[in-house]
Structure formats: C-alpha cells, structure tokens
Number of protein chains: 2
Amino acid sequence: MTTETMNIRDMCAAFDVTPRTLRFYEAKELLFPVREGQRRLFTKRDRARLKLILRGKRFGFSLEEIRQLLDLYHMDDSQLTQLSKTLTLAERHLADMEAQKVELDEAIGELKGQMKWATDKLASLEAR
Amino acid sequence: MTTETMNIRDMCAAFDVTPRTLRFYEAKELLFPVREGQRRLFTKRDRARLKLILRGKRFGFSLEEIRQLLDLYHMDDSQLTQLSKTLTLAERHLADMEAQKVELDEAIGELKGQMKWATDKLASLEAR
DNA sequence: ACGTATCATTACGTTAACGTCAATTTGTCT
DNA sequence: AGACAAATTGACGTTAACGTAATGATACGT
C-alpha cells in the first residue's frame, strides 16, 4: 500500500518542488503536515492538496484564491457553515475557467494559423 | 472608419488598463506607440498586440514570453531570419496550451463534481 | 494671460512567491 | 563520542509587474 506519510525530501521529489516551497505553503496554511518531533510528515491529504495547488497555479490563480478553493475540496460533513459562501466562490472560479477554455481554444486556433503561415513561408524559401 | 490612432486615455478605456501599464509595456518593447510631440499615439498594430498581451497574461505567460510570441504574429516578409527559431518557440507554447486545455477540462469536471456534492448537501440540510 | 486638465519622465514603493544563507537541532553511522 | 547528513527556523534578498508620488512640459477653455 502507499506509504501513509512522506518526509519533505520525498515530497519534493514526487512533486518537483523545493523544501522552501513546502514550508512556505505550510506557513500560508495551504498544507498541514504533522510533526514527528521537529520534522514534517506530509499526509495523503497534503498530497491531494498539493496536487490541486500546483494545478491552480498553472491556471493563473493566486495562492490565496487557491487556499479558499481548497476549502471546498476538503470540506467534511461537520463544517458546513460557510459552505454556501464557498459555493459562490467556486461558481465564480468555474465561470472563469470555462471562459478561459473558450479563449484557449481561440488562441490555439490562431496560433496554429500563424504557425502554418510561417511554416509555408519557410518551405517556399527553402525551395529557392 | 476606425480611428487610425488612439491617445493613451482612450486606449486605457478600451482595454481596461492603466496608463502606467501602457508605458510599462512600451518600456519593455511590447508596444511601439508613435509620438506626436511628446504624447503617445497608439496604432492599430499596438491595439492588436495589446489584445494578444492581455490574452497571454490570462494564460499565465510572462511578459517576456509574450514578447517573443508577438514576434511570430507580427513578422513581416522581410525579417524571416529568426523565423525558424521563433517557430520552435511557438511549438512549445502550443504544446503548453494544449496540455493546459486537457488539464482545464479535467479541473472543470472535478470542480463541478464537488459543487454538486456541496449543493446536494445544502439541500438536504435545508429540508430538515 | 491664466488656471486647469492631461500627459510626460523619474524614481522610489509594493506584493506575491519563493531563493538563499547562517545558525541550530536531530538522527545515523562508525 | 565524534562526524556527517538532513531538517528546522529565522532573516534578508530577489524578480516580475506594476502602483504611486513628485515634478515639469503642453494644450485648452475663458
């Protein structure tokens, strides 16, 4: 079975981040590694969160925005108080992401067009 | 017909940016407004570039990366020297964007799932 | 001619997201 | 026990992308 907790070094290797980054995320309350004496041990939950954090970053969300979204993913049945507030936030993010998708499709299309133009240009030059 | 050039104020209004941003982009050689005395006049070309700049930003590209991509969009027949180099860059960006699209679809799916869970939870609480 | 608004330049300030370095502490091997 | 590697905690440094404030030139309406 998959090891229950990971030390900082393995965590860094697994996600291609630096120790500094993990400590920084803990300071910002994005991760909550447990302690074995002084050392950090990252749980399965931390790994799930980190995956979402890195994904969020690739989409251009700030760490603070990501922190709020993580609440939605890791909400347990007890703390449903702020659920509706979080849902509203999630809806905005979803709208953002879907708009981003439309734009992305457009941009990919345009870029492909330009690349075809450039490729043809190159070919016509090489056939001099 | 569409006005050939725009002053900084209109440009800001049209694209929802600050004057500082436009001057900054000029300093970074992303835009090349002409001068009327001291004042900047933004051309159609500047408007096209700014549109691409803002789009690039939404996709998480740095201004420097965007600057290099702009070369591809605004290359004229004369300066084809670095074309193939630029094409390589464009290919990397295209791959990036398509990977981003796949991930985005995934993320949208997951987020929707979480939102449905949360919405159902809320409903079951309100029907107490 | 004069006040006002708009633009310009210069320069220093700010925020996010870490990097880097020094000084300790702790576990491990011999 | 001594040495070494690995982790921790400050604390200060860095970069990108502008913000902001001060100062000065231009144009415009009256």
Side-chain angles (χ1 to χ4, degrees), chain A residues 3-43 46-47 49-71 89 93 96 100, chain B residues 3-43 46-47 49-71 89 93 96 100:
Chain A
T3 27
E4 204 41 52
T5 67
M6 284 170 67
N7 65 19
I8 200 169
R9 189 86 7 210
D10 294 343
M11 193 76 173
C12 289
F15 290 92
D16 193 32
V17 295
T18 70
R20 177 67 176 106
T21 298
L22 295 180
R23 296 190 195 109
F24 183 75
Y25 289 168
E26 182 188 9
K28 286 298 172 87
E29 303 194 317
L30 290 163
L31 298 178
F32 306 94
V34 298
R35 297 306 177 107
E36 179 192 45
Q38 193 159 31
R39 275 75 187 293
R40 282 168 243 271
L41 290 180
F42 295 88
T43 67
D46 289 316
R47 295 195 287 275
R49 292 175 72 96
L50 182 54
K51 184 180 169 189
L52 292 172
I53 292 168
L54 297 178
R55 167 185 287 170
K57 289 201 60 184
R58 259 165 302 180
F59 296 151
F61 295 130
S62 74
L63 290 183
E64 176 55 25
E65 289 174 315
I66 292 170
R67 198 186 57 73
Q68 297 181 339
L69 269 183
L70 283 174
D71 293 346
L89 191 76
H93 276 280
D96 264 26
Q100 207 176 340
Chain B
T3 26
E4 206 38 54
T5 68
M6 284 171 68
N7 65 20
I8 199 169
R9 189 80 12 204
D10 294 342
M11 193 78 173
C12 289
F15 290 92
D16 193 32
V17 295
T18 71
R20 176 68 175 107
T21 298
L22 294 180
R23 296 190 194 108
F24 183 75
Y25 289 168
E26 183 187 7
K28 287 297 172 88
E29 303 194 315
L30 291 163
L31 298 178
F32 306 94
V34 298
R35 297 304 177 108
E36 178 192 44
Q38 192 160 35
R39 274 70 187 294
R40 281 165 242 266
L41 290 181
F42 296 87
T43 67
D46 289 316
R47 295 195 287 275
R49 292 176 71 97
L50 182 54
K51 185 180 169 188
L52 292 172
I53 293 168
L54 297 179
R55 167 185 288 168
K57 289 202 58 183
R58 259 165 290 162
F59 296 150
F61 295 131
S62 74
L63 290 184
E64 176 54 25
E65 290 173 315
I66 292 170
R67 198 186 58 72
Q68 297 181 340
L69 269 183
L70 283 175
D71 293 347
L89 190 76
H93 275 281
D96 264 26
Q100 208 176 340

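Small disclaimer: the values here were computed from a predicted structure and weren't measured. Protein chains get the first letters and strands the later ones, always in sequence-line order, with residue 1 at the start of each.
Residues B:Arg58 and A:Gln100 have side chains not in contact (no heavy-atom distance under 4.5 Å, counting atoms from C-beta outward). Contact check for A:Phe15 versus A:Arg47: side-chain heavy atoms found under the 4.5 Å cut-off.
Between B:Ile66 and B:Ile53, the shortest heavy-atom distance links the atoms CD1-O, 3.5 Å. Considering all non-hydrogen atoms of both residues, B:Leu31 and B:Arg49 come closest at CD2-CB, 3.9 Å.
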Atom pairs under 3.5 Å: protein N/O with N/O of nucleotides 16-20 of chain D:
| residue | atom | partner | partner atom | Å |
| --- | --- | --- | --- | --- |
| D:dA17 | OP1 | B:Leu63 | N | 3.0 |
| D:dC18 | OP1 | B:Lys57 | NZ | 3.2 |
| D:dC18 | OP2 | B:Tyr25 | OH | 2.6 |
| D:dC18 | OP2 | B:Lys57 | NZ | 2.9 |
| D:dG19 | OP2 | B:Thr18 | OG1 | 2.7 |
| D:dG19 | N7 | B:Arg20 | NE | 3.1 |
| D:dG19 | O6 | B:Arg20 | NH2 | 3.1 |
| D:dT20 | O4 | B:Arg20 | NE | 3.3 |

Within the sub-3.5 Å range, which N or O atoms of nucleotides 4-8 of chain D have a protein N or O partner, and how far apart are they?
| residue | atom | partner | partner atom | Å |
| --- | --- | --- | --- | --- |
| D:dA7 | OP2 | A:Arg9 | NE | 2.8 |
| D:dA7 | OP2 | A:Arg9 | NH2 | 2.9 |
| D:dA7 | O4' | A:Arg39 | NH2 | 3.4 |
| D:dT8 | OP1 | A:Arg40 | N | 2.8 |
| D:dT8 | OP1 | A:Arg40 | NE | 3.2 |
| D:dT8 | OP2 | A:Arg23 | NE | 3.3 |
| D:dT8 | OP2 | A:Arg23 | NH2 | 3.0 |

I would like to know whether A:Arg39 and A:Glu36 meet salt bridge (Lys or Arg N to Asp or Glu O under 4.0 Å); could you show each step before the answer?
CA-CA 5 Å; A:Arg39 275 75 187 293; A:Glu36 179 192 45; over 6 Å; no
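Side chain of A:Glu65 to backbone of A:Ser62: a donor-acceptor contact under 3.5 angstrom is found. Here the side chain of B:Asp46 pairs a donor or acceptor atom with the backbone of B:Thr43 at under 3.5 angstrom.
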